[in-house]
Amino acid sequence: MSENHSDTPVVIHRHAYRPPDWLVPTIALDFALDPQKTRVKARLQVKRNGDHNRPLKLDGNNQKLLAFSVDGQDAQSQVKQEKEGLVIALGGEAHTIETEVEISPESNSQLMGLYASSGLLCTQCEAEGFRRITYFPDRPDILSRYTVRMEADEKAFPVLLSNGNLTLEGKSENGRHFALWNDPFPKPCYLFALVAGNLAAYRDEFITQSGRKVALAIWVRPDDINKTHHAMNALKMAMAWDEKVYGREYDLDQFNIVAVDDFNFGAMENKSLNIFNSRYILADPDTATDADYDAIAGVVAHEYFHNWSGNRVTCRDWFQLSLKEGFTVFRDQSFSADLGSPAVKRIEDVRSLRAAQFPEDAGPLAHPIQPDSYIEISNFYTATVYNKGAEIIRMMHQLLGAEKFRKGTDLYFERHDGEAATCENFVAAMEEASGVDLTDFRHWYHQAGTPELKASLKWDGATKTATLTLSQKTAATPSQPEKQPVVLPVAIALIGKQTGKNLIGEQLLTLTKDSESYRFENLAEEPLLSINRHFSAPVTVENQVSPEDLAFLSANDDDPFARYEAMQQLMLDFMVARVRGEQVDPKTVINAVEKTLTNKDLDNAFIAEAVILPSENMVGEKLDIVDPKRIAEIRDDLRKMLGQTLEKLWQQAYQSCERPSYQYTPEAVGARRLKNVALSYLAAGELADAPSIAWLQFEKADNMTDRRGALDVLVNGFSPEREKALTAFYERYKGNALVIDKWFAVQAFSTRPDVIENVKKLAKHPDFTLKNPNRARALIGSFAHNARAFHDLSGEGYRFVTDMVIALDKINSQTAARMIAPFGRWQRYGSDRAEMMQNALKRILSTPDLSRDVFEQASKSLL
Ligand code: PHE
Ligand code: ZN
């Protein structure tokens, strides 16, 4: 959308919501499927909503209108065709509207609407894809009953799936066959789905708490059938968990999941027909890492949980997106925590919040979990709406306690079942069911930015009293110069400085004002502050603590998360001081790592998390001007020191974590994790035999976690083993798209100075394509997050990503738009880099025919 572009994009405002003029109680769809030309007939029963004489508006784009009738009469001449839809004046209270359109799945590279993926035909409708399939009022507060007839060539598309129950199937003419599906639950059109293709099902069943039998099926390419077992187990566990923890039972006789290779996001919760990016379904030990296994369980549970939090109770409008997403992420996080180690899960979730959401909240794209406006809703499927949204639900869980929280969700589901609800409805239900006043808590929904929590603890030895002062401040964000204090549930403890004992147990302080003080009397000894335990509030903590005290807490705090935090803080403070040019002694950091490594009471998974240094980006967030090269040097240097000084311990950890053969148990996963962290420290220490240890591990690995762990290490170095491993990996897995994605990503993340040349070469590799979002993200997305390479002073990194964004926008604008955020942080860099980053954004904006998606992200990033 260049400056002379005539149609400035429309901005949609949260306050502009109006109930729909017309409702659509039922819709019957009839698909004559064909990859090149699909015909879609739709019959809508429409009903006037309220006393008005406004016309019926149907959204639609990218389709050819072939026929239009009202109550059985051709009405093509009365209907007004607008750029993004149809308008028709209607006289009565209820009418039947019939349309017929032609669409082309094969040329749909946006992957929104009906599209082709590796020989399948499938749909993606959230948020506004349904309008690319047929003319319809495409908004989530219109709930309709769907009947779907689909017909396709029987050989090419033997399996025909849609939402609800299969009511009839049979043969039709010319080698074609058909299926009829009927979904008894009224739903918004973004939950409509259809799949046709040559698929095989891995089947199982689940008996619900009330004794109903549900037929479960995971549909994949026939060759992949053996990679579905883990996902199926996760599904059954999720179904049982939702009954146990939320009292929510599945409501249909079938539940289908389909894996597709080309998908813009992770997965989609379409009613009874979840469609997944295949990377979140397919797994076996040879091709998927332990992290992949975790992600699969989490996403399968997430989509399943949406059946209640999203489908039975849906969103009134897209400003309520966090109603379903924040809540559902909280639910899937709790599920995964219950399944494995809650502390390690919390560490991982907080790490990704800090990596993705905190920077978003501190930059030009900052927005509240309920945004005020948008140009393109696809740009608001963000870490803020999802992950900060989940933190906000988690805070309510803490403020109310588990029992009252459950009363609140019961009331919410009961009250809004079958409705399109708002975030306010959710909070109101929580408030009423619990009796806890949430008036001030509501600021979280409308205020952007990460609050900074300052804590200071004063000790009075004479009276044995400690006074804790907490204060909060949220920095201004775009269009929100003034901020109000938010409600912060801060879990704290006091840890004896001598004994390491928790002196007061855990206390939940609720900070509601700018600042508040708390007194703790009769303490047995001088305490250290354990603050924001289990990350009770999504804030940054400013707390002046000496390295010695942090080291002490990292060894003694009784909350594992707080112990992890103390260690992170210790490492971060050290690196930040070094970047600033201060002379600081690494001894405290090294000793603390040593203590953790040798602590027999800790499990391997926790140790592995605790000894990993905070990322380069986290160091950058602490500095006024980010110099990625210097940060990388300092961080590499500390890793090298740790690698060398603790060499024996890394070797011991490595050996003690070796197992005779692969198992998938929490114990084995933890051991692999620590083993690979130890390997990376051995390599960081530049020990002469590190490449051969890595190569040996690579060669004899019987699982992807170890193979990938070895490759991660080798790819950063210059050893001959590097090329050997990359070639062997490629040869072994060529043709397996998900694993070849890893091959691209590993190289894009390399710390070698020549990564940019290599990435440019990889962009010309025959296996590279911008058409597949996983592949595009593996190379370009990974590279854009490789701070030292992306921000190289030559500007080559910026240039490469800019070229790719511009090219990708023509193919898949949603995926392109998601690669712009790193440029938006230009204000944080020195003028040399800042100028190049701004120029990159300007170059993107000057591209003719830019999508709304990319226009919104690039123009906002420039402000
Ligand atoms: N609603 C999906 C989820 O979070 C995400 C999604 C959004 C998928 C838009 C596709 C398109 O579960
Ligand atoms: Zn979701």
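In listed order, ligands and their atoms are each counted from 1. Start at 1 with the first residue, then count along the sequence.
- When the side-chain hydrogen bond (donor to acceptor under 3.5 Å, both in side chains) test is applied to Asp417, the partners found at least two apart in sequence or on another chain are Arg312.
- Judged purely by atom type and a 3.5 angstrom limit, Ser322 uses its side chain to pair as donor or acceptor with the backbone of Val385.
- Each salt bridge (Lys or Arg N to Asp or Glu O under 4.0 Å) pair with one or both residues in residues 227-240, not counting sequence neighbours, appears once here: Asp204-Lys236, Asp224-Lys227.
- Ring to ring, Tyr304 and Phe255 are close: their centroids are under 6.0 angstrom apart.
- Each of Glu126, Met112, Arg818 was evaluated against Asn264; a single residue qualifies, Met112, per the side chain to side chain contact (heavy atoms under 4.5 Å, CB included) test.
- Contact shell of ligand 1 (protein heavy atoms, cutoff 4.0 Å): Gln124, Glu126, Phe265, Ala267, Met268, Glu269, His302, Glu303, His306, Lys324, Glu325, Tyr381, Tyr386.
- Within Glu325, the N, O or S atom at minimum distance from the Zn ion (ligand 2) carries the name OE1.
- Between the Zn ion (ligand 2) and the N, O or S atoms of His306, the shortest distance is to NE2.
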Begin with the C-alpha distance, continue with both residues' side-chain angles, and end with the deciding distance and a verdict on side-chain contact (heavy atoms from CB on, under 4.5 Å) for Asp251 and Lys271.
CA-CA 10 Å; Asp251 52 14; Lys271 183 80 186 183; 2.8 Å; yes
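- Under the rule for a ring-ring contact (aromatic ring centres under 6.0 Å, His included), His534 has no partner lying at least two apart in sequence or in another chain.
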